There are 2 protein chains.
Amino acid sequence: METTLKSRETMHRLCGKGLEIFNEKGYYNTSLDDILKQLSLSKGAFYHHFKSKEDYFISIVQNLIVQKVYALLIEPLNTEENPLPIIVESLENALEPGKKNEMAYGFMLNDFLTEFNKRNEEISGYLKDILNVWEVNLVSVLKKGKLDGYIARHVDCEGVATYIIASYLGMRSLMMDSSNRQLKYQYVQQLKHYFKSLEPQPVMA
Amino acid sequence: METTLKSRETMHRLCGKGLEIFNEKGYYNTSLDDILKQLSLSKGAFYHHFKSKEDYFISIVQNLIVQKVYALLIEPLNTEENPLPIIVESLENALEPGKKNEMAYGFMLNDFLTEFNKRNEEISGYLKDILNVWEVNLVSVLKKGKLDGYIARHVDCEGVATYIIASYLGMRSLMMDSSNRQLKYQYVQQLKHYFKSLEPQPVMA
DNA sequence: ATCTGAACCGACTTACTGGTCGGTTAAATG
DNA sequence: CATTTAACCGACCAGTAAGTCGGTTCAGAT
């Protein structure tokens, strides 16, 4: 069983480094050799574990990206409290460029979505699925917030979810060069303003 | 002078068709031969007019994309009225997938921005410049709106401009497959809600 | 009629990259 | 010790695309 362990270990290293470099330079701009060189592995090793570059990337999406999106954007939504501040917090957190050398996970989705959109329908599909799950969860938590009286009755939860996702994804195109504190601050502030307009009006008059 | 005219004509055709196909399939996923074939031109013709594929695309950006962004997103801002509805209208218009066979100009910016971000700093720079001009103009018209009493005094115009741009750019990643009426409608609705929160509070109490 | 040069042609070169394949290493097994 | 096989090596192949270059066409100047 020692061999199986080593196999898993190699695959794991391949996926981890792959995500790192694909995220850094883009999928099509990264050659397998780029990755293999950094891991001191050969073509043979790679094709022993994956049947193609595409298959490789799908593994990365399904194993690593899905996981990160869940951890950063979806699981935090599980709360009994007012969902609005929770959503703000999760987005703020996801835009954080990762402690030290880690990746800015929040950015990956938009980058890959755009890169594969016109190029590879299958991978596009997997990425869109992730967005859909996020959207469904956002809508769900918003509707719950409405029931709990945190959100005004007139609010279109699907529309709000769409708007949240759009603004979040769009931040990537603005924050290109690493982390831009100023932009992030502005984004969070405006998001809060927008959210205030979703709250029920205090009874008066 | 007949020759110069023909030269201009060919360059014009090259740029137009280039924008069309680059926009459709992406820059790196389009070979020069793809474009040349459609125009029945040769490699020699191309390199007679442009010194490289990169130079070619920069021409397209500077001549065509800049023009379109100005026409769709910047010039409409020149108004004496309440800027908020004007902005909504310009964005709505820019998201429109073009009458008939035209291009969805509104989408180009985000796509190219993402595609070149990690690949070509120079082109990235030109694209970012366009965004900056848009931002400056948005801020300017918002500040004017504040002076004219259309926008509340507490509003951070730079923040609002950033948020507008982010949400607009992000819509692209959601509206991938051509035009999605539903998504566009949701976007415009939420944008209006958001804008409502920027208006001065009517005096009461 | 001749000449010049801009516009254009297209085969070729060069560089890169995904994928293949025969061979090697070494751990596990009998 | 012999055999098997997962894991791995790296030279090689095939496809692709940017860019080159010697040659051709033809409008207009001399």
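Quick caveat: nothing in here was measured; it's all calculated off a predicted structure. Residue numbers start from 1 in every chain, and the chains themselves are labelled A, B, ... in the order their sequence lines are given, proteins ahead of strands.
No donor-acceptor contact under 3.5 angstrom links the side chains of Q189(B) and Y163(A), judged on distance only.
Atom pair H48(A):NE2 and dG23(C):C1' shows a separation of 15 Å (rounding to whole Å applied). The nearest whole Å value for the distance from the CZ atom in R8(B) to the P atom in dC8(C) is 14 Å. If you take CG of D55(A) and C1' of dG19(C), they are 13 Å apart, rounded to a whole angstrom. The nearest whole Å value for the distance from the CG atom in D33(A) to the P atom in dC16(C) is 11 Å. Residue F50(B) contributes atom CZ, which lies 14 Å from atom C1' of dC8(C) at whole-angstrom precision. In this structure, K43(B) atom NZ and dT20(D) atom P are separated by 11 Å, rounded to whole Å. Put simply, CG on L39(B) is 17 Å from P on dA7(C), counting in whole angstrom units.
Heavy-atom nearest nucleotides on DNA chain C were determined for N29(A) and for G44(A), and the one closer to the 5' end corresponds to N29(A). Taking the nucleotide of DNA chain C with the nearest heavy atom to each of T30(A) and R13(B), the more 5' of the two is matched to R13(B).
Under the 4.0 Å criterion applied to side-chain N and carboxylate O atoms, E75(B) and K68(B) are not assigned as salt-bridge partners. For E24(A) and R119(B), the salt-bridge test fails: no basic side-chain N is under 4.0 Å from an acidic carboxylate O.
Taking only side-chain nitrogens and oxygens, S42(A) never comes nearer than 4.0 Å to OP1 or OP2 of dG10(D).
The base of dG19(D) does not come close enough to the side chain of K53(B) for any donor and acceptor atom to sit less than 3.5 Å apart.
Here the side chain of Y47(B) is nearest to one of dA7(C), dG18(C), dA18(D), namely dA18(D). With dC8(C), dA18(D), dG10(D) as the candidates, the nucleotide lying closest to the side chain of T10(B) is dC8(C).
F22(B) does not carry K17(B) over the face of its six-membered ring by the limits of under 6.0 Å from the centre and within 45° of the normal.
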